[in-house]
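Sequence positions, counted from 1, serve as the residue numbers for this chain. Quick caveat: nothing in here was measured; it's all calculated off a predicted structure.
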Amino acid sequence: MRTQVGIIGAGPAGLFLAHLLQRLGIGCVIIESRSRQSVEETVRAGVLEHWVVELMKDLGLGERMLREGHFHDGITLQWNNQRHHVDITGLTNGKRVVVYPQHEVLKDLIAGRLSQGGEIIFGVGGTAIRDLDTDHPAIDFRRDGTGALETIQCDYVIGADGFHGPARQAIPAAQRTEYQKIYPFGWLGILTKAPRSWHELIYTNQGDGFALLSTRSPDVQRMYIQCDPADDIANWSDARIWEQLHARLGTDDGWSLTEGPIFQKGIIPLRSFVCEPMQYGRLFIAGDAAHIVPPTGAKGLNLAVADVLVLSRALDAQYKHNRGELLNEYSATCLRRVWKAERFSWYMTTMLHRNELETGFEQRIHFADLDLVRTSEASARSLAENYVGLRFD
Ligand code: FAD
Ligand code: DHB
């Protein structure tokens with residue numbers, strides 16, 4: 001098989017890249033190790049930055065998002081049983097975010113790609129990348145995991161294969177530097193069949209720590225609570241989850257959280273991670289393959305899309321004008337934005353979680369940070385600008 005760009009992974013990075021390349025007239029093939037059903041059903045991120053919403057519309061993929069997504073012009077921060085509204089739209093010249101779950105985005109991207117005749121090979125096994133430091137790199141794989149060995153010959157290989165994929169490891173260890181921070185807490189996420197309890201997202205730090213109230217639809221709500229990352233989900237009965245959500249989201253003004261049946265729950269660890277550089281020879285890595293943020297700032301998915309937007313422009317310059325500078329600068333360009341998103345995600349995470357390993361001094365500094373957002377417009381604006389998505393430069 002021969003194509004211009006071989007993409008490993010049908011997550012947000014791989015699928016957005018395929019759509020961007022299609023629009024530019026550049027050929028590509030995606031291989032994905034999971035089934036289409038698994039990709040379309042895995043519950044992950046929820047918030048789309050302002051410019052990602054615009055990009056979905058530009059690509060002709062925004063119809064369902066506009067119909068079913070929830071537009072938010074602010075978020076609520078909570079501590080000491082008090083709530084504070086951050087006017088995201090007022091602080092960012094009219095920008096809004098949309099709560100539209102990642103797996104819904106992926107359904108729209110997959111359906112769009114297939115209807116345009118694009119190729120996505122699901123369920124592959126044995127993915128291997130080779131000849132990256134030559135002009136003709138290749139990806140080997142087996143259809144359905146066990147089929148005959150097949151090869152995609154291409155000009156460029158894109159590792160959009162997430163944190164555990166093989167692409168990052170294909171950069172020789174001596175040529176990459178990895179920066180990592182593991183947090184001593186995880187998130188327990190639930191989906192519940194219940195009506196909305198509040199009109200916007202609430203991020204709170206009270207009682208035993210962090211909780212987040214988000215939404216999925218008028219009758220399905222998404223909530224998270226800070227927990228021990230090594231904890232077993234079996235230790236969390238529904239009653240215990242609700243008790244913790246009530247404690248962390250409770251206020252002094254008589255507001256109450258509406259409960260419902262919990263139909264999905266799981267625990268994820270929190271980490272920050274960056275691999276530098278994001279390129280080796282003809283391999284370019286994008287999204288979670290190159291960096292991880294803790295989810296508190298809702299940046300993971302958005303950052304993956306940002307990488308491939310930069311990459312699509314660079315590939316366009318190479319193919320249309322035979323100019324390689326943008327490709328050479330890909331890693332540096334992305335990393336400038338990546339580190340700012342890492343900073344914001346770390347700031348939101350440390351400010352909003354209770355960390356027993358920190359001193360009382362550090363814990364109080366986090367509440368001072370929260371109160372600064374309440375009392376200082378500059379501080380609130382900084383949070384808002386980061387939340388809706390930083391500009392590209
Ligand atoms: P991925 O979405 O990981 O996609 C990579 C794809 O590559 C996968 O489909 C994988 O199956 C495929 N792949 C891997 N190896 C191979 C191989 N060898 N061959 C072929 N294909 C391969 N972010 C938030 O902002 N908020 C959240 O609440 C949130 N929750 C999350 C919960 C979980 C459990 C996880 C794992 C992540 C969460 N994130 C969240 C992060 C966000 O979902 C990611 O940042 C985003 O999915 C990154 O997109 P990606 O395309 O780079 O990687
Ligand atoms: C959701 C996830 C996040 O990480 C976040 O910051 C806000 C919302 C969600 O899944 O709805």
field: Check: H291/D307 side-chain N/O donor and acceptor closer than 3.5 Å
entry: yes
field: Test item: R336 side-chain N/O and D393 main-chain N/O as donor-acceptor pair under 3.5 Å
entry: yes
Rounded distance (nearest 0.5 Å) linking atom CD1 of I110 with atom NE2 of H19: 8.5 Å
field: V105 side chain reached by P12 side chain, heavy atoms, under 4.5 Å
entry: no
- line: Rounding to 0.5 Å, atoms CE (M1) and CD1 (I152) come to a distance of 5.0 Å
field: Q102 CD to N302 CG distance, which is reported to the nearest 0.5 Å
entry: 9.5 Å
Residues in side-chain contact (heavy atoms from CB on, under 4.5 Å) contact with A18, at least two apart in sequence or another chain: I7, C28, I30, R113
query: Hey, does the Lys NZ or Arg CZ of K181 hover above the aromatic six-ring of Y183, less than 6.0 Å from the centre and inside 45° of the axis?
result: yes
Pair R271-Q180, side-chain donor/acceptor within less than 3.5 Å: yes
query: Ignoring hydrogens and geometry, is there a side-chain-to-backbone donor-acceptor pair from R381 to L91 under 3.5 Å?
result: yes
- request: Examine distances only and state if a side-chain atom of E362 and a backbone atom of T359 form a donor-acceptor pair shorter than 3.5 Å.
  value: yes
field: Side-chain donor or acceptor of T134 paired with backbone N/O of D131 under 3.5 Å
entry: yes
Electrostatic pair E68-K107, nearest N-O below 4.0 angstrom: no
statement: Interatomic distance, CG@L245 vs CD1@I225, rounded to 0.5 Å, equals 5.0 Å
message: Is there a path of hydrophobic side-chain contacts, each under 4.5 Å between heavy atoms, that joins L270 and L303?
response: no
message: Whether the side chain of Q363 engages the backbone of N355 through a donor-acceptor N/O pair (distance < 3.5 Å, no angle test) should be reported.
response: yes
- request: Is it possible for you to say whether F71 and I202 belong to one hydrophobic cluster, with membership spreading through side-chain heavy-atom contacts below 4.5 Å?
  value: no
Nearest-0.5 Å distance, CG of residue L77 to CD1 of residue I75: 5.0 Å
query: More than 12 non-hydrogen atoms from neighbouring residues, nucleotides or ligands closer than 6.0 Å to CH2 on W198, yes or no?
result: yes
field: Check: W242 and T192 side chains under 4.5 Å, non-hydrogen atoms
entry: yes
- prompt: Taking all atoms of both residues into account, what is the closest heavy-atom pair of D231 and R240, and its distance?
  reply: OD2-NH1, 4.3 Å
query: Going by heavy atoms in the side chains, are P295 and I268 under 4.5 Å from each other?
result: yes
message: Quick check: do K299 and M348 have side-chain heavy atoms less than 4.5 Å from each other?
response: no
query: Which heavy-atom pair separates G112 from S115 by the least distance, and what is that distance?
result: O-OG, 3.0 Å
query: Just by modelled atom types, is the G297 backbone N or O under 3.5 Å from a matching donor or acceptor in the S345 side chain?
result: no
message: Set out, in order, the CA-CA distance, both residues' side-chain angles and the distance that settles side chain to side chain contact (heavy atoms under 4.5 Å, CB included) for L311 and Y156, then state yes or no.
response: CA-CA 11 Å; L311 188 52; Y156 300 97; over 6 Å; no
- prompt: Any side-chain heavy atom of Y319 within less than 4.5 Å of one from V5?
  reply: yes
Only pairs under 3.5 Å count here: list side-chain donor-acceptor contacts from residues 384-392, not counting sequence neighbours, and write none if there are none.
unit_1	atom_1	unit_2	atom_2	d
N386	ND2	S382	O	2.8
Y387	OH	Y203	OH	2.8

- prompt: What heavy-atom pair brings A10 and V39 nearest, and what distance separates the two atoms?
  reply: O-CG1, 3.6 Å
- prompt: With sequence neighbours left out, what residues match R34 under side-chain hydrogen bond (donor to acceptor under 3.5 Å, both in side chains)?
  reply: S38, T42
- request: Answer yes if the side chains of Y179 and S272 hold a donor-acceptor pair under 3.5 Å, and no otherwise.
  value: no
message: Checking R36 against L114 for the side chain to side chain contact (heavy atoms under 4.5 Å, CB included) test, could you report, in this order, the C-alpha distance in whole Å, the side-chain angles of both residues, the deciding distance, and whether it holds?
response: CA-CA 12 Å; R36 178 176 178 181; L114 297 178; 3.5 Å; yes
- prompt: Distance from W51 atom CH2 to D58 atom CG, nearest 0.5 Å?
  reply: 11.5 Å
Side-chain donor-acceptor pair present, R64, Y100, cut-off under 3.5 Å: yes
Minimum heavy-atom distance V308-L20, with the two atoms named: O-CD1, 3.8 Å
Side chains of E342 and F273 in contact at under 4.5 Å (non-hydrogen atoms): no
- request: Look at atom CZ of R343 and say whether more than 12 heavy atoms of other residues, nucleotides or ligands are closer to it than 6.0 Å.
  value: yes
field: Residues T177 and E276: side-chain donor-acceptor under 3.5 angstrom
entry: no
query: Just wondering, are more than 12 heavy atoms of other shown residues or ligands nearer than 6.0 Å to CZ in F263?
result: yes
task: State plainly whether one hydrophobic cluster holds both I26 and I139, where clusters connect Ile, Leu, Val, Met, Phe, Trp and Tyr through side-chain heavy atoms under 4.5 angstrom apart.
output: yes
- prompt: Q78 side chain to G250 main-chain N or O, any donor-acceptor pair under 3.5 Å?
  reply: yes
message: Quick test of your reading of the model: are R2 and D155 salt-bridged, counting only N-O distances below 4.0 Å?
response: yes
Flag if over 12 foreign heavy atoms under 6.0 Å of CD, E63: no
query: Of the non-hydrogen atoms in Q226 and R248, which two are nearest, and what is the gap between them?
result: O-NH1, 3.0 Å
Crowding at CG, D232 (>12 non-hydrogen neighbours, <6.0 Å): yes
message: In the structure I gave you, are the side-chain heavy atoms of F122 and Q37 within less than 4.5 Å of one another anywhere?
response: no
query: Which class fits the ring pair W187 and F210: parallel under 30°, tilted 30 to 60°, perpendicular over 60°?
result: parallel
task: Classify the angle between the aromatic ring planes of W79 and H84 as parallel (below 30°), tilted (30 to 60°) or perpendicular (above 60°).
output: perpendicular
- request: Just jot down the side-chain hydrogen bond (donor to acceptor under 3.5 Å, both in side chains) partners of H70, sequence neighbours excluded, or say none.
  value: R196
message: Let me check something: do I171 and V338 share a hydrophobic cluster, defined by ILVMFWY side-chain heavy atoms less than 4.5 Å apart, either directly or through other members?
response: yes
message: Please find the pair of heavy atoms, one from Q153 and one from A138, that lie closest to each other, and give the distance.
response: OE1-CB, 4.0 Å
- prompt: Given side chains that start at C-beta, do those of M351 and N205 come closer than 4.5 Å, heavy atoms only?
  reply: no
query: Is the CD atom of E377 crowded by more than 12 outside heavy atoms at less than 6.0 Å?
result: no
- prompt: Given F344 and V293, is the side chain to side chain contact (heavy atoms under 4.5 Å, CB included) satisfied, shown in steps?
  reply: CA-CA 9 Å; F344 179 66; V293 286; over 6 Å; no
query: Which pairs with one or both residues in residues 133-143 pass salt bridge (charged side-chain N to carboxylate O under 4.0 Å, His left out), sequence neighbours excluded?
result: R130-D140, D135-R282, R143-E150
message: Please tell me whether L352 and F185 are part of a single hydrophobic cluster in this structure, the criterion being side-chain heavy atoms less than 4.5 Å apart.
response: yes
message: Can you list everything that forms a side-chain hydrogen bond (donor to acceptor under 3.5 Å, both in side chains) with D219? Sequence neighbours excluded, please.
response: K193, S217
- prompt: Can a salt bridge be assigned to the pair R374 and D371 using a cut-off of 4.0 Å between side-chain N and carboxylate O?
  reply: yes
